[in-house]
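Shown next, in structure tokens, is the structure this report addresses.
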There are 2 protein chains.
Amino acid sequence: MTATPGARPVRRYDPQRADRIVDAALDVIAEHGVPNTTHRLIAAAADVPLGSLTYHFTTLEELRARAFTRHAERMAAAYEAHFRTVRSADDVVEAVTDLVHGDAGADPHDWAIAYELYLAALRDPALRTVTGSWMRRSRRVLERFVDPTTARGVDALVEGLVMHKILSTDPVSREQTREIVARAVRPATPPGTGV
Amino acid sequence: MTATPGARPVRRYDPQRADRIVDAALDVIAEHGVPNTTHRLIAAAADVPLGSLTYHFTTLEELRARAFTRHAERMAAAYEAHFRTVRSADDVVEAVTDLVHGDAGADPHDWAIAYELYLAALRDPALRTVTGSWMRRSRRVLERFVDPTTARGVDALVEGLVMHKILSTDPVSREQTREIVARAVRPATPPGTGV
DNA sequence: CAGTCATGTGTACGAGCGTACGCATACCGG
DNA sequence: CCGGTATGCGTACGCTCGTACACATGACTG
């Protein structure tokens, strides 16, 4: 009977601990923001002792980077999955509208982390590669349905709409969003077409 | 001979000091980000002693809020000024393109502060009023030329385009931006018009 | 089944932080 | 001309942070 006292089960052997710590770090970033993301808060969130963090990750900066990388990976995967059922350019409008209004698997929690990442990447070139590959992936998805320039525009539009949605006091209706998106998706005036 | 030593001119009587501190705070936020914006850094940037900050601003949080408020005010004013010469909806496309590509008085420095503000506002409702009134002002400017829904879309688009422009490794060309903006500005398919 | 060593844990330390506060200074109303 | 007081200044305090490190433990190899 080695596990007698009600104190602690002596949590030894925890192979996925590093993973759990990374997820906990994401939770803390989402809830408290990068400035308040400390070793101690993360440790509490992951329910591991403080020393465990410095054991698995040499520095806090490294841990943050891993967390952001994982989040970007997940977001990109969700993005791709969301567009897997889309067939025509018309469906794109609806799919993008879903995206903005949180009906595609990404909630405010996720977007908060995303914006924390953006801001961090503004000053850390290493993180720039993370945001870069994420943006490239999402653009590539859109390019299956629309031309590259339109893809860029729609991608940026989503970013802006979500940000405004989160910050705005008077929110945009789904109807409005659909109309805005439709305008962006509609192909450019093709030089020789029409007349 | 009271001002003998070459050490310091005994900088007494500095009526605009509070103002200067706020501007210094903005510089520090832009360069180092909110997490690293400390009393000591700001004091050094403003070339005032540390104690001067706590004298003029009871708390660091208050100083940050004042700085953000001033910045939002300036950005909104610049926005309005930039559109003062615009006459038709066609000019809007060019004006917005200028905005995105930094030819309208707002440089990466300014945008960095803006995004710091956005993120801070995400967690501080008090700052939400600052971002809210800023967004409202910019939208109202656009509404002089386009319908409200379009204004919302363009406003969000600018946000997203600038962010992508700052973070992206392969930048968007001015040409591309103009095309994207043009698509957003073009009025929606009017349901009952034309016939 | 015994020894090794990767893994897990608690504590301590130096640095930098926000803020408080006592003293110095010069402007200003009388 | 002189005191009162708003303003300017330097320093110190308590706290939290990231990180280091000595010790404990149990899974795995041979």
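In what follows, chains carry the letters A, B, and so on, assigned in the order in which the sequence lines appear, proteins first and then strands, with residues in each chain numbered from 1.
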[X] side chain to [Y] side chain, donor-acceptor N/O pair below 3.5 angstrom:
X	Y	value
Thr149(A)	Glu179(B)	no
Arg174(A)	Thr97(A)	no
Thr37(A)	His32(A)	no
His39(A)	Thr54(A)	no

Tell me: [atom1] of [X] to [atom2] of [N], nearest whole Å?
X	N	atom1	atom2	answer
Ile21(B)	dT7(D)	CD1	P	13 Å
Leu63(A)	dC17(D)	CG	P	15 Å
Asn36(B)	dG18(C)	CG	P	10 Å
Glu62(B)	dG18(C)	CD	C1'	14 Å
Leu41(A)	dG18(D)	CG	C1'	13 Å
Ile42(A)	dT16(D)	CD1	C1'	15 Å
His32(A)	dC17(D)	NE2	P	11 Å
Leu53(B)	dC21(C)	CG	P	18 Å

Does Thr59(A) reach a base, just sugar-phosphate, or nothing at all? Heavy atoms under 4.0 Å. sugar-phosphate
How is Thr54(A) classified with respect to the nucleic acid when contacts are heavy atoms under 4.0 Å: base, sugar-phosphate, or nothing?
base
Discussion item. I'd like to know if Arg40(B) reaches the base of dG16(C) with its side chain such that a donor and an acceptor end up less than 3.5 angstrom apart.
Written reply: no
Candidate nucleotides [options], ranked by approach to the side chain of [X] - the nearest:
X	options	answer
Thr38(B)	dC17(C), dC17(D), dG8(D)	dC17(C)
His39(B)	dG10(C), dG18(D), dG18(C)	dG18(C)
Arg17(B)	dG18(C), dT9(C), dG8(D)	dG8(D)

#### Entry: More than 12 heavy atoms of other groups within 6.0 Å of Glu31(A) CD
no
The answer to which of Gly51(B) and Pro15(A) contacts DNA chain C further toward the 5' end, by nearest nucleotide, is Pro15(A)
Per nearest nucleotide of DNA chain C, the residue lying toward the 5' end, Leu50(A) or Tyr55(A), is Tyr55(A)
